[in-house]
Amino acid sequence: MKLENLPVGLGEFMADETKLHDEAAQSTTALGPLIGIAREDFVGAIALLLRETATDPMRSMKHAQEVGQDMIKIMTGKSDLAPDPRDKRFKDPAWQYNPFFRAGAQYYLAVQKGMSNWLNDLELDDLERDRANFISNIIIDGLAPTNTLMGNPTAQKRLVDSGGLSLVKGLKNAYNDMVHNKGMVSQVDKRPFKLGENVATSKGSVVLRTEMMELIHYAPTTDEVHEIPQLTIPPQINKMYINDLSPEKSVIKWQTDNAIQTFVISWRNPSKEQGHWDMADYVSSCREAMEAVSAITGAKKVNVSAGCSGGQTAAMLASKMASDKDDLLGALTLMVCVLHPKDGDIEAGSLVSENGMKLARRRAAKKGVIKADDLARGFAWLRPNDLIWNYVINNYLLGDDPPAFDVLFWNADATNLSASLMGDFLTAFETLAFTKKGEVEMVDHKVDLSKVTSDLFILGGVTDHITPWKATYRSTQLFGSKDVTYVLSQSGHMQAILNPPGNPKAKYFVQKKKGKLPATADEWLPGTEEVAGSWWPYWAEWVQARSGKKKAAPKKLGNAKYKPIDPAPGIYVTEEVA
């Protein structure tokens with residue numbers, strides 16, 4: 001997405017969105033085609049580069065000579081290569097004023113420039129070019145001088161100023177990661193956070209527990225509540241308390257404070273024995289939860305909201321209910337969720353191959369589950385500059401503790417993914433099941449979103465690289481809903497959702513005129529208006545308008561059939577799984 005194609009002011013936000021915690025919060029929260037990447041896909045991309053080198057050695061020689069000329073200029077002090085001012089790796093003044101470090105940066109930039117020129121000269125199709133660019137960027141990022149103590153002036157200054165203690169602390173951090181974090185550099189200091197005490201503190205109770213999920217009923221905070229309740233379906237690879245971090249950014253608190261009866265599913269972390277859980281099982285659990293919510297509240301409709309992979313599950317649920325002529329579903333909210341993927345949506349998607357997905361399925365089936373650590377490690381290496389090298393510098397070279405952010409604490413608390421569910425997500429991706437009208441059979445029915453007529457609210461994030469906003473916009477064209485609202489929030493993947501009132505820089509974009517949304521995101525953009533502030537109040541009004549009349553808030557949680565079992569956030573979020 002090019003800045004010049006954005007409404008006035010939106011490009012500025014994209015340029016400002018460089019916060020480390022925002023980047024890290026995007027690393028393990030999406031279930032797209034990336035879960036189908038096999039190691040052979042990486043090897044194949046590298047083989048592509050080697051093949052091109054061998055097939056035209058003269059071309060490679062030409063670019064090697066150009067790099068050599070840059071090297072001569074650097075050695076003679078005549079090079080004008082300089083880091084991008086926005087590249088935070090080279091912010092230290094030493095990169096500009098110290099001849100040794102300036103030359104080091106220029107050597108790195110010369111290699112980077114040479115690689116880019118060489119790739120641009122290769123005769124590749126679009127897919128091959130994306131693969132080559134992606135792999136080369138990973139390699140180049142790893143070669144940055146800032147990743148070493150010898151090449152990082154900030155780390156050297158810290159070493160001197162601390163009398164060597166920063167090196168001792170960095171070695172200790174590295175040792176702890178090797179022993180306690182399975183060799184991955186830590187992205188968060190988990191020590192300050194404890195569930196139920198300063199994270200996930202909203203009052204509520206588990207009112208239904210099955211082998212697969214817990215249903216949590218949250219206590220009202222107003223004297224009256226809307227009669228139609230709201231059920232949240234979270235992603236299957238992260239814990240549900242993303243909806244209830246600190247009180248000021250709690251979606252759950254915001255809902256209860258706005259008189260919305262709030263229920264949230266908490267998925268159980270599957271072990272190898274539960275690797276058979278598939279999409280049909282998860283959809284069945286969602287329906288069971290909806291029926292319990294209806295029985296507790298007495299409502300004939302249940303509004304549903306879901307994000308990321310939870311959104312894909314909610315879409316499949318809506319399709320299945322429409323097929324069964326079950327009218328329990330009320331309004332539907334889908335956040336940062338792609339139902340109609342296309343080639344080129346994300347750069348890393350170029351690595352996915354049909355053979356790679358088959359291998360990934362086979363390996364997952366053998367193990368029963370994809371381990372949470374493997375998911376986190378895989379996603380981190382897809383964005384190593386933001387999700388690995390930043391923390392290597394901070395934790396090991398500078399000897400600092402990783403940041404203590406609640407979003408990162410939640411992000412590091414990932415769960416396993418059952419092999420069968422992974423297979424179903426890949427099937428939906430391969431067949432474009434959500435885009436077809438009754439052509440693909442999944443979850444015991446022909447998937448057809450055109451039969452879903454619920455009022456629809458769809459959210460995208462401006463800088464979301466996991467579920468790009470233009471891809472999320474395509475969902476507006478898939479449903480049979482006559483009332484569809486699309487909102488574009490600032491920030492990236494999960495931060496687009498966690499955008500509460502109070503942020504002075506917050507803004508979002510909506511269509512100026514009411515009516516049918518245009519067919520594409522590019523057509524939608526010119527007709528939008530920029531609105532200052534959080535999108536939460538806008539959404540709350542949208543939900544309230546579809547939540548019926550108000551009535552006295554219940555004095556107790558659950559009912560005679562669905563009695564309170566344990567206090568929120570339940571036991572599944574703390575359950576340890578090997």
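- Residues that satisfy the ring pair (Phe, Tyr, Trp, His ring centres under 6.0 Å) test with Tyr396, not counting sequence neighbours, are absent from this structure.
- Val369 approaches Ser271 most closely through the heavy-atom pair CG1-O, 3.3 Å.
- With a 6.0 Å radius and a threshold of 12 heavy atoms from other residues, nucleotides or ligands, Lys91 has its NZ atom above the threshold.
- The backbone N or O of Asn269 sits nowhere less than 3.5 Å from a side-chain atom of Asn416 that would complete a donor-acceptor pair.
- With sequence neighbours excluded, no residue forms a ring pair (Phe, Tyr, Trp, His ring centres under 6.0 Å) with Trp277.
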Going through the distances and angles, do Ile265 and Met240 end up as a side chain to side chain contact (heavy atoms under 4.5 Å, CB included)?
-> CA-CA 7 Å; Ile265 289 174; Met240 52 71 62; over 6 Å; no
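- The line from CH2 of Trp389 to CZ of Arg89 is 11.0 Å long, rounded to the nearest 0.5 Å.
- A donor-acceptor pair shorter than 3.5 Å can be found between the side chains of Asp177 and Ser186.
- The ring of Trp410 has its center no closer than 6.0 angstrom to the ring center of Phe193.
- Side-chain contact check for Arg158 versus Leu149: every heavy-atom pair is 4.5 Å or farther apart.
- Looking at Glu530, its side chain never comes within 3.5 Å of a backbone N or O of Tyr508 through a donor-acceptor pair.
- A salt bridge does not link Asp373 to Lys371: none of the charged nitrogens lies less than 4.0 Å from a carboxylate oxygen.
- Side-chain contact check for Leu339 versus Arg474: every heavy-atom pair is 4.5 Å or farther apart.
- Residue pairs satisfying the side-chain hydrogen bond (donor to acceptor under 3.5 Å, both in side chains) criterion with at least one member in residues 146-156, sequence neighbours excluded, are listed as follows: Asp92-Thr154.
- Checked by atom type and distance alone, the side chain of Thr472 never pairs as donor or acceptor with a backbone atom of Val336 at under 3.5 Å.
- Qualifying side-chain contact (heavy atoms from CB on, under 4.5 Å) partners for Asp80, counting only residues two or more places apart in sequence or in other chains: none.
- Annotation: Met178, atom CE; neighbour count of heavy atoms from other residues, nucleotides and ligands within 6.0 Å does not exceed 12.
- Screening residues 414-424 for salt bridge (Lys or Arg N to Asp or Glu O under 4.0 Å), with sequence neighbours left out, gives no hits.
- The pair Lys253-Asp244 does not count as a salt bridge, with every side-chain nitrogen at least 4.0 angstrom from each carboxylate oxygen.
- Looking at every heavy atom in both residues, Trp535 comes nearest to Ala496 through NE1-O, 2.9 Å.
- Side-chain contact between Lys249 and Asp406 is present, with at least one heavy-atom pair separated by less than 4.5 Å.
- In this structure, NZ on Lys113 lies 13.5 Å from CD1 on Ile140, to the nearest 0.5 angstrom.
- Shown here for Asp70 and Ala110, the closest heavy-atom pair between the two residues is CB-CB, 3.9 Å.
- Val338 and Gln312 get closest at one heavy-atom pair: O-NE2, 3.3 Å.
- Looking at Asn411, its side chain never comes within 3.5 Å of a backbone N or O of Val407 through a donor-acceptor pair.
- Looking at Phe429 and Pro341, their side chains come closer than 4.5 Å, going by heavy atoms from C-beta outward.
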With side chain to side chain contact (heavy atoms under 4.5 Å, CB included) as the test, would you mind laying out the steps for Ser534 and Asn503 before giving the verdict?
-> CA-CA 7 Å; Ser534 165; Asn503 179 1; over 6 Å; no
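- The two atoms that bring Ala404 and Pro192 nearest to each other are CB-CG, 3.9 Å, heavy atoms only.
- Counting only heavy atoms from C-beta outward, the side chains of Val462 and Ser489 never approach each other to under 4.5 Å.
- Heavy atoms from other residues, nucleotides or ligands lying under 6.0 Å from NZ of Lys182 number 12 at most.
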Check residues 96-105 and write down every donor-acceptor pair under 3.5 Å in which the side-chain atom is one partner and the other belongs to a residue at least two apart or another chain.
residue, atom, partner, partner atom, Å
Asn98, OD1, Phe100, N, 2.8
Asn98, OD1, Phe101, N, 3.2
Arg102, NH1, Gln96, O, 3.0

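- Considering CD1 of Ile216 and OG of Ser266, their distance stands at 5.0 Å, rounded to 0.5 Å.
- Pairing each heavy atom of Gly310 with each of Gln236, the nearest pair is N-OE1, 4.0 Å.
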Apply side chain to side chain contact (heavy atoms under 4.5 Å, CB included) to Val487 and Met335, showing your working.
-> CA-CA 9 Å; Val487 169; Met335 297 173 283; over 6 Å; no
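- Rounding to the nearest 0.5 Å places SG of Cys308 at 11.5 Å from CG of Leu334.
- The CG atom of Leu459 sits 8.0 Å away from the CG atom of Leu488 when rounded to the nearest 0.5 Å.
- Here the straight-line distance linking atom CZ of Phe409 with atom NZ of Lys190 works out to 7.5 Å at 0.5 Å rounding.
- Between Cys337 and Ser475, every side-chain heavy-atom pair lies at or beyond the 4.5 Å cut-off.
- For Arg268 (side chain) and Met213 (main-chain N/O), no donor-acceptor pair under 3.5 Å exists by modelled atom type.
- Checked by atom type and distance alone, the side chain of Thr201 never pairs as donor or acceptor with a backbone atom of Asn198 at under 3.5 Å.
- Counting only distance, with no hydrogens or angles, the side chain of Asn390 and the backbone of Asn385 share a donor-acceptor pair below 3.5 Å.
- Between the side chain of Gln106 and the backbone N or O of Leu81 there is at least one donor-acceptor pair closer than 3.5 Å.
- With a 4.5 Å cut-off on side-chain heavy atoms, Gln274 and Ser418 do not count as touching.
- Side-chain N or O atoms of Thr333 include none that pairs as donor or acceptor with a backbone N or O of Ser305 at under 3.5 Å.
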Test Val251 against Trp536 for side chain to side chain contact (heavy atoms under 4.5 Å, CB included), laying out the working first.
-> CA-CA 9 Å; Val251 178; Trp536 284 16; 3.7 Å; yes
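- Under the 4.5 Å side-chain criterion, counting only non-hydrogen atoms from C-beta, Met279 is in contact with Thr313.
- Counting only distance, with no hydrogens or angles, the side chain of Trp267 and the backbone of Val573 share no donor-acceptor pair below 3.5 Å.
- Between Lys169 and Asp400 there is no salt bridge, since no side-chain N of the basic residue sits under 4.0 Å from a carboxylate O of the acidic one.
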